[in-house]
Amino acid sequence: MESQRITEYERKRLENIKRNDELLASLKIHSKLADLSASTKRHREQTKSYRISPQKKAKSETPAVIRRSLRTQGKKPDSPGLTDDFNETPKKQTSPKSQVTPDKSARELKPLSMRDVSVSSEPDEPLVKKILSLSVSKQSPSKGPKKAIGFRIRASIDLDSMELMPENIARVVPGRILSVKFFPSTDIRMVVVGNKFGDLGFWNVDSETEDSDGIYMYRPHPAPISSICIQPFSMNKITTCCYHGLIRSLDVNKEIFDLTYTTEDAIYSMSQRPDDVNSLYFGEGRGVVCVWDERSKSSSSSWNLHDSRINSIDFNPENTNLMATSSSDGTACIWDLRKVGRKSNPNSLKEITRDRAVHSAYFSPSGSHLATTSHDDKIGVLSGANYDDEFLLYHYNQTGRWLSSFKGVWGWDDSYVFVGNMKRGVDVISTEKNRIVTTLESPHVTAIPCRFDAHPFKVGMLAGATSGGQVYIWS
DNA sequence: GCGATCATTATTAAG
DNA sequence: CTTAATCCATGATCGC
């Protein structure tokens, strides 16, 4: 039985090898030609990349652990193996290099200094200085607190003008990127990304010096970083959350990643109400949304909104009482926070159902549309009174295991949604024509961009992040 | 309704 | 240039 299976396997393998050999022979001439043409213009791309400091190199890999409460695991509260379950099931030692010293600090429930969790060989000073200079210049003490509603440029764009320049490509972190965010500033082009390992990468695009690419990397989390929030009026505060159930807030002044919140459950999404810098809304475990109040340092509300993980939380820029959530339970909902109140299972204002998990539901810049991306290969756009009008577009969204799921994001007005495709392009969907009107493509794109952020102030500037740690900036 | 198991997919670091 | 390793997303399928 066993030997038969092996011979069958062996036979197929040999067949494959033979076929490949034949193919190879037939392609030999072609490949030589390709080599020749490539060598003529082989100016090594991918010049910009993160650099790992030699001392810390050993801890660059550590198993990502998904936190699940004992309740959701169906275990008794005092059953063993909560904190160290990843050690109990050691992986097969497939290669000697997996003997890396585990990075414990990111797991510790205490504030961490930037220095201690720095992974890159770059000194922190230029980054810290840069961020602090932004924060100072942007604060206008004379005018008092501005209303942040709609604080984001609104303008139409010429799609043809969007270009990807080779110098606007960098490998900011290793591995799969889950979250990408532009600094909300007109003064610089800076992106922050979070990856699967819990690394937070900064890329100051304009910092071009002899020995620096402007890339900085830290490891404040022990698990995938699911969301990044940057305070619009004090950019020295950057909040991140992760699958391990931690929310940290980087205080650039103190150069410390503070610990804001911890839970047994994984945190899959997080958002900030645009008109309330002291609030933090995040999706926890299997369908719970919590509200964290920065002033009282406590969770002011907690609702059970879905039956499965919440993949996105977003607020209507024009009416910040409206919150949209998307979930792996196959629904996306709009909630009126004035009506949600204190009930633990409130009613939604609007619910749409898909055949599979919904990965995102984002309001358009004017708030009049809602774009959803789902695993059943659909992009949906809601509009009209009470969001009752809907158009659905087929869009292949089977990203599989190694890529982050696609999430369609809005540009700078209500006319376009940008979403990655499996052919390394960016599909641009027109909400007027209800179809893909163009696809951003470039030979410089060597991997599939999955996660995007549109620059809040620079019209036409779009950041795309891949599962290999690269960031592309179209402008 | 739930757990276990498997297939799928893309990227890259290492050989 | 080739190939092995990645590993926690998701759904389908099966057994209970």
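None of these values were measured; they are calculated from a predicted model. Each chain gets a letter, A, B and so on, in the order the sequences are listed, and its residues count up from 1.
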Check A:R51 with A:D213, please: is the shortest side-chain N to carboxylate O separation under 4.0 Å? yes
Between A:G468 and A:Q398, the residue closer to the 5' end of DNA chain B by nearest nucleotide is A:Q398
5'-most contact on DNA chain B (nearest-nucleotide basis), A:G175 vs A:G400, goes to A:G400
Roughly how many Å is it from [atom1] in [X] to [atom2] in [N], rounded to a whole number?
X	N	atom1	atom2	result
A:R51	B:dA13	CZ	P	16 Å
A:R286	C:dT10	CZ	P	12 Å
A:L178	C:dA9	CG	P	8 Å
A:F197	B:dA13	CZ	C1'	12 Å
A:K407	C:dT10	NZ	P	10 Å
A:N421	B:dT9	CG	P	16 Å
A:R401	C:dA9	CZ	P	10 Å
A:I448	B:dT12	CD1	P	10 Å

Looking at [N], I'd like to know if its phosphate oxygens (OP1 or OP2) sit under 4.0 Å from a side-chain N or O belonging to [X].
X	N	value
A:R424	B:dT11	yes
A:K196	C:dC7	yes
A:Q470	B:dT11	no
A:H359	C:dT10	yes
A:R176	B:dA10	no

Based on Watson-Crick and G-U pairs with both distances under 3.5 Å, what dot-bracket line describes DNA chain B 5' to 3', crossing pairs as [ ] and inter-strand pairs as |? ||||||||.||||||
Go through B:dA13, B:dT11, C:dT10 for me and flag the one nearest to the A:H375 side chain. C:dT10
Could you check, using the six-membered ring where one of them is a Trp, whether A:H221 and A:H244 have ring centers closer than 6.0 angstrom? no
So do A:R248 and A:T239 actually touch side chain to side chain, heavy atoms under 4.5 Å? no
Tested for side-chain hydrogen bond (donor to acceptor under 3.5 Å, both in side chains) against A:S312, the lone hit among A:S326, A:S269, A:S360, A:S227 is A:S326
Using the P atom on both, measure C:dA12 against B:dT9 and round to a whole Å. 15 Å
Quick check: on DNA chain C, is the nucleotide nearest A:R356 upstream (toward 5') of the one nearest A:R309, or the reverse? Name the residue that is more 5'. A:R309
Apply salt bridge (Lys or Arg N to Asp or Glu O under 4.0 Å) to A:D355 and list each qualifying residue two or more places apart in sequence or on a separate chain. none
Among all residues two or more places apart in sequence or in another chain, which pass the salt bridge (Lys or Arg N to Asp or Glu O under 4.0 Å) test with A:R309? none
So among A:F363, A:Y281, A:W335, which one has a ring pair (Phe, Tyr, Trp, His ring centres under 6.0 Å) with A:F315? A:Y281
Can you tell me if A:W402 is stacked onto the base of C:dT6, using a 5.5 Å centroid cut-off and an angle below 30°? yes
Mind checking the CD1-NZ spacing from A:I379 to A:K407? Nearest 0.5 Å is all I need. 12.5 Å
